[in-house]
Student: 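The following block contains the structure, expressed as structure tokens.
Start at 1 with the first residue, then count along the sequence.
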Amino acid sequence: MKKIEEGFNKLIRIEIIFSIIYTLLGIFIYIKSEMTNSIVGIMIGTFFLLTGIIEIFTSIDKNKITLFKYNLFFGIISILLGIMMMLNPLSIINILNIGLGIWILIEGINKVVYFIFLKKVRERSNILFLVSSLLFIFLGIILIVYPFRSMVVTKAVGTFIILYNILNLNDLVLLKRRGKEFLKLFK
């Protein structure tokens, strides 16, 4: 049981550190939203461009292998997509916005599971987990259903990252404080 407790505490400490780092990242994204949008769009565009070049190279070099038969087509598509994203780096923001919404929604559902486990051990703070999970689910649905535009997206993403990690830090601190009761679930 001692090893489980040590592993649990180590995991909580690591999660707390990552939540703090992600909160700082959210603040940076919020403050430098215009620069962040351009950088992300250009990086993703560059990735597609390089992938396209590699795909074309493999189709020319390996054209006799049926596995690489369609690489020329996918390479051209990747290059065109990469160029489009590099010329209009803000086009990727809505896709990222919806992806972030799905991720936050999944995290909210995960916290509902935590709530259920904490309720089994009659943990006093389980209501905070329920409220936190409902907020996560709400934030995720908002991002999915109402995709923001342009700089508003980045500021909203920054804000959601900050809120998510503040709520996550709260949950982690509660788990750390009540670790012994939580670990009773593993006996």
Side-chain angles (χ1 to χ4, degrees), residues 1-33 36-37 39-41 43-44 47-48 90-187:
M1 186 63 174
K2 185 75 172 159
K3 280 192 170 204
I4 293 174
E5 188 174 341
E6 288 172 1
F8 175 79
N9 288 328
K10 183 179 179 181
L11 181 67
I12 295 294
R13 280 193 301 273
I14 291 169
E15 288 286 330
I16 288 172
I17 290 169
F18 276 110
S19 284
I20 292 169
I21 290 170
Y22 287 136
T23 301
L24 295 173
L25 176 67
I27 292 169
F28 176 78
I29 289 171
Y30 183 83
I31 292 172
K32 300 286 189 180
S33 59
T36 305
N37 283 343
I39 289 172
V40 169
M43 285 173 53
I44 293 172
F47 171 77
F48 278 118
L90 300 179
S91 63
I92 193 71
I93 297 302
N94 284 335
I95 296 168
L96 294 175
N97 189 31
I98 292 170
L100 179 66
I102 292 169
W103 177 67
I104 291 175
L105 180 65
I106 290 169
E107 285 295 314
I109 294 168
N110 190 30
K111 292 201 181 289
V112 168
V113 173
Y114 288 166
F115 164 74
I116 293 168
F117 279 123
L118 289 173
K119 192 173 181 179
K120 285 182 182 177
V121 293
R122 298 172 197 228
E123 171 58 41
R124 295 178 306 214
S125 62
N126 65 3
I127 298 300
L128 289 173
F129 269 89
L130 179 62
V131 170
S132 173
S133 66
L134 293 176
L135 284 171
F136 280 120
I137 290 169
F138 175 74
L139 291 174
I141 290 171
I142 292 290
L143 277 171
I144 294 168
V145 173
Y146 182 66
F148 305 100
R149 302 284 182 242
S150 188
M151 294 308 134
V152 177
V153 171
T154 307
K155 289 196 182 283
V157 167
T159 302
F160 283 115
I161 289 172
I162 293 166
L163 289 174
Y164 167 80
N165 285 292
I166 288 171
L167 290 170
N168 198 39
L169 278 169
N170 176 59
D171 294 346
L172 290 168
V173 169
L174 287 172
L175 277 175
K176 180 130 176 79
R177 285 186 183 160
R178 307 265 171 45
K180 292 192 188 295
E181 291 88 11
F182 187 71
L183 289 172
K184 289 178 186 175
L185 295 171
F186 298 106
K187 285 186 177 180

Student: Restricting to side chain to side chain contact (heavy atoms under 4.5 Å, CB included), what partner residues turn up for I106, sequence neighbours left out?
Tutor: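 Scan of I106 (side chain to side chain contact (heavy atoms under 4.5 Å, CB included), adjacent residues dropped) gives I102.
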Student: Any salt bridge (charged side-chain N to carboxylate O under 4.0 Å, His left out) involving residues 101-110? Give me the pairs, sequence neighbours left out, ordered by first then second residue.
Tutor: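 Applying salt bridge (charged side-chain N to carboxylate O under 4.0 Å, His left out) to every pair that reaches into residues 101-110, excluding sequence neighbours, yields nothing.
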Student: Only counting residues at least two apart or in another chain, list the ones meeting side chain to side chain contact (heavy atoms under 4.5 Å, CB included) with L167.
Tutor: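 Once residues adjacent in sequence are excluded, the partners of L167 under the side chain to side chain contact (heavy atoms under 4.5 Å, CB included) criterion are S132, L135, F136.
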Student: Checking side chain to side chain contact (heavy atoms under 4.5 Å, CB included) between L105 and each of N110, L139, I141, which is the one that passes?
Tutor: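 So the option named by the test is I141.
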Student: According to side chain to side chain contact (heavy atoms under 4.5 Å, CB included), who are the partners of F28, at least two apart in sequence or on a separate chain?
Tutor: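 Scan of F28 (side chain to side chain contact (heavy atoms under 4.5 Å, CB included), adjacent residues dropped) gives K32, M35, T36.
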Student: Suppose we screen for side chain to side chain contact (heavy atoms under 4.5 Å, CB included). Which residues come up paired with V112, at least two apart in sequence or across chains?
Tutor: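 Here the qualifying residues are I116, S133, I137.
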Student: Please list every donor-acceptor pair under 3.5 Å in which a side-chain atom of residues 11-27 meets a protein atom from a residue at least two apart or in another chain.
Tutor:
unit_1	atom_1	unit_2	atom_2	d
S19	OG	E15	O	3.2
S19	OG	N168	ND2	2.9
T23	OG1	S19	O	2.7

